[in-house]
Student: 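Could you have a look at this structure, given as structure tokens, before my questions?
Here is the naming used below: chain letters follow the sequence lines, and residue numbers restart at 1 for every chain.
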2 protein chains.
Amino acid sequence: MKHNPIHILIVDDHQLFAEGLMALLKQHHDDYFFTHIHRGDLLIKSIGNLTPHLILLDIKMPGLDGIKALELLKKENSHIKIIMISTFSDAETINKCLSKGADAFLLKNVGITELRNTIDKVLHQNSGNKYADFFDKDKQYEWVSTIYKITKREWEIMQYIKIGETNQQISNRLNLSIYTTETHRKNIMQKLKLKNPTELIKFLLENQL
Amino acid sequence: MKHNPIHILIVDDHQLFAEGLMALLKQHHDDYFFTHIHRGDLLIKSIGNLTPHLILLDIKMPGLDGIKALELLKKENSHIKIIMISTFSDAETINKCLSKGADAFLLKNVGITELRNTIDKVLHQNSGNKYADFFDKDKQYEWVSTIYKITKREWEIMQYIKIGETNQQISNRLNLSIYTTETHRKNIMQKLKLKNPTELIKFLLENQL
DNA sequence: CCGACAATACCAACCAGTTTGTATTTTTTA
DNA sequence: TAAAAAATACAAACTGGTTGGTATTGTCGG
């Protein structure tokens, strides 16, 4: 690591974020050099001409989402280390990433120290160990519950609505009458002052719940 | 600007983004110093004890969204310059920000040069001029249309679905029969291989369309 | 000029969620 | 322990979107 420069490829559609990352990582490592790609599909097209040791891969991107990109990459270039970086972190997404071969999963709200540590770990292990940064759902619940008076059960139901389940599916899953789920949903809508299912989904996604 | 240090307050829930920004901005300005707050509600609580010259304010945050924060801030501290930084940029959001007193609106996918220029402009003007960075919707349309074969009309209708309009409202707006809108919607769903309205909204939001 | 595609329009049966109610049981907490 | 809050359950009328069709008109490129 001292004597051969390490090539890090950053794949993220946010120019500012990518540039910031490079600036931060360079601060302690003269031997890092970077490439920046801002679209998933360009990554796949150009990976043949690039030989990164490590890819920092955003999940949410135009062109091709990070998870599909990860899948394609690991099939062809399994030696390249990949750290997924995302805003979201439901367990489902994290597990999908790890099972498709990601070496680590980090949230965008980690600090640079944690990112550096993760990079070091990933670069210096013969793979196998995975590092995942599970999101603190409790914090999220805390603010919806205090601001909107959302109860635990309502919160639980919101989580299933977010992943696209119908009232019927939620009821089956939680062993509830569909009427109960309807009632909860009604109360959620009232408390959040939302008018239609679309607005609920937007609320959930935009507030990263 | 040479002799009195400039205090920049960064309000963004993404630690990495904020740290990256600070690293980038420090590179050319020794006379900048920074505070970082990661929640909208904490901003409002602590603004009394802070005297920033400039606030870089993210729109999407837990606690209190950036637009409300902007509103509250400008009411009390109209002299503080505020640059909104966001991932999204529908004209509605931009206009809302500018009308509530934001001095500029930038997307997270601008580069550091553009950010620096905007900061300089905002700091050196007696307010009045506004800088907004309207998103290149054409680019977005380009990739959905090439990947999913979405037509112009379908794209147009998707935009209204995204803001929560019903088929009826869209039909009125575009002078179409509701049957036409239904047909377009049906085709959109098929082309995107989506099963229900929830998935469509998720697709639109997650792909920032 | 013709074939493909886009845009328009229609229909009926169907499915999902909303609204506006009421009401019982369980749990929490003052 | 009594009151409040949360969770449960039900029902009917209603609104909005889906599914799987069909069909006409316009338009653009080969």
Student: Identify which nucleotide among dT8(C), dG21(C), dT18(D) has an atom closest to any side-chain atom of E182(B), counting heavy atoms from C-beta outward.
Tutor: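 Looking only at heavy atoms from C-beta outward on E182(B), the closest nucleotide is dT18(D).
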
Student: Would you indicate, yes or no, if dT8(C) has its OP1 or OP2 atom less than 4.0 angstrom from a side-chain nitrogen or oxygen of H184(B)?
Tutor: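 For H184(B), the contact criterion (side-chain N or O under 4.0 Å from OP1 or OP2 of dT8(C)) is met.
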
Student: For I178(A), answer base if it contacts any base atom (sugar-phosphate contacts may also be present), sugar-phosphate if it contacts only those atoms, and nothing otherwise; contact means non-hydrogen atoms under 4.0 Å.
Tutor: nothing

Student: Taking 4.0 Å as the cut-off, does a side-chain nitrogen or oxygen of N167(B) come that near to OP1 or OP2 on dG17(D)?
Tutor: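 N167(B) to dG17(D) OP1/OP2: side-chain N or O found under 4.0 Å.
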
Student: Whole angstrom is fine here: how far is it from CG in L174(A) over to P in dT8(D)?
Tutor: 8 Å

Student: Starting at CG of N187(B) and ending at P of dG20(D), how long is that distance when rounded to a whole Å?
Tutor: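 One finds 13 Å between P of dG20(D) and CG of N187(B), rounded.
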
Student: Answer yes or no: is there an ion pair linking K108(A) with D58(A), defined by an N-O contact shorter than 4.0 Å?
Tutor: yes

Student: Mind calculating the distance between CD1 (I201(B)) and P (dG16(D)) to the nearest angstrom?
Tutor: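 To the nearest whole Å, that distance equals 15 Å.
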
Student: Could one point to a donor on the side chain of K186(B) or the base of dG17(D) with an acceptor on the other under 3.5 Å away?
Tutor: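 Under the 3.5 Å cut-off, the side chain and the base do not form any donor-acceptor pair.
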
Student: Return yes if the base of dC10(D) and the side-chain atoms of T183(A) contain a donor-acceptor N/O pair under 3.5 Å, otherwise no.
Tutor: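 Yes, the side chain and the base share a sub-3.5 Å donor-acceptor pair.
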
Student: Tell me the closest heavy-atom pair linking L70(B) and C97(B), and the distance in Å.
Tutor: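 Heavy-atom minimum between the residues: CD2-O, 3.5 Å.
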
Student: So does T151(B) get a side-chain nitrogen or oxygen closer than 4.0 Å to the phosphate oxygens (OP1/OP2) of dA7(C)?
Tutor: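 Yes, within the criterion.
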
Student: If you measure from the Lys or Arg side-chain nitrogens to the Asp or Glu carboxylate oxygens, is any gap between D103(A) and K121(A) under 4.0 Å?
Tutor: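 Looking at D103(A) and K121(A), the cut-off is not met.
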
Student: How many whole angstroms separate atom NZ of K195(B) from atom P of dG20(D)?
Tutor: 14 Å

Student: Side chain of T166(A): nearest nucleotide among dG17(D), dT8(D), dA16(C)?
Tutor: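 Within the option list, the nearest is dA16(C).
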
Student: Send over the distance from I157(A) CD1 to dA7(D) C1', rounded to a whole Å.
Tutor: 9 Å

Student: Between R185(A) and E182(A), is there a side-chain N and carboxylate O pair less than 4.0 Å apart?
Tutor: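 Here R185(A) does not pair with E182(A) in a salt bridge, since their nearest N and O are not under 4.0 Å apart.
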
Student: Specify the residue among R153(B) and T198(B) whose closest nucleotide of DNA chain C lies further upstream toward the 5′ end.
Tutor: R153(B)

Student: In whole angstroms, how far is the P atom of dA6(C) from the CG atom of L176(B)?
Tutor: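 In whole Å, dA6(C) P and L176(B) CG are 17 Å from each other.
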
Student: What nucleic acid atoms does T180(A) come within less than 4.0 Å of, heavy atoms only: base, sugar-phosphate, or nothing?
Tutor: base

Student: Rounding to an integer number of Å, can you tell me how far N172(B) CG sits from dG16(D) P?
Tutor: 11 Å

Student: Once you round it to whole Å, what is the distance between C1' of dG16(D) and CD1 of I170(B)?
Tutor: 12 Å

Student: Of the nucleotides dA7(D), dA9(D), dT18(D), which has the atom closest to the R185(B) side chain?
Tutor: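 Looking only at side-chain atoms, R185(B) lies closest to dT18(D).
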
Student: Given dT8(D), is OP1 or OP2 found less than 4.0 Å from the side-chain N or O atoms of Y179(A)?
Tutor: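 For dT8(D), OP1/OP2 do not have a side-chain N/O of Y179(A) under 4.0 Å.
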
Student: Is it true that R39(B) and D12(B) make a salt bridge, defined as a side-chain N closer than 4.0 Å to a carboxylate O?
Tutor: no

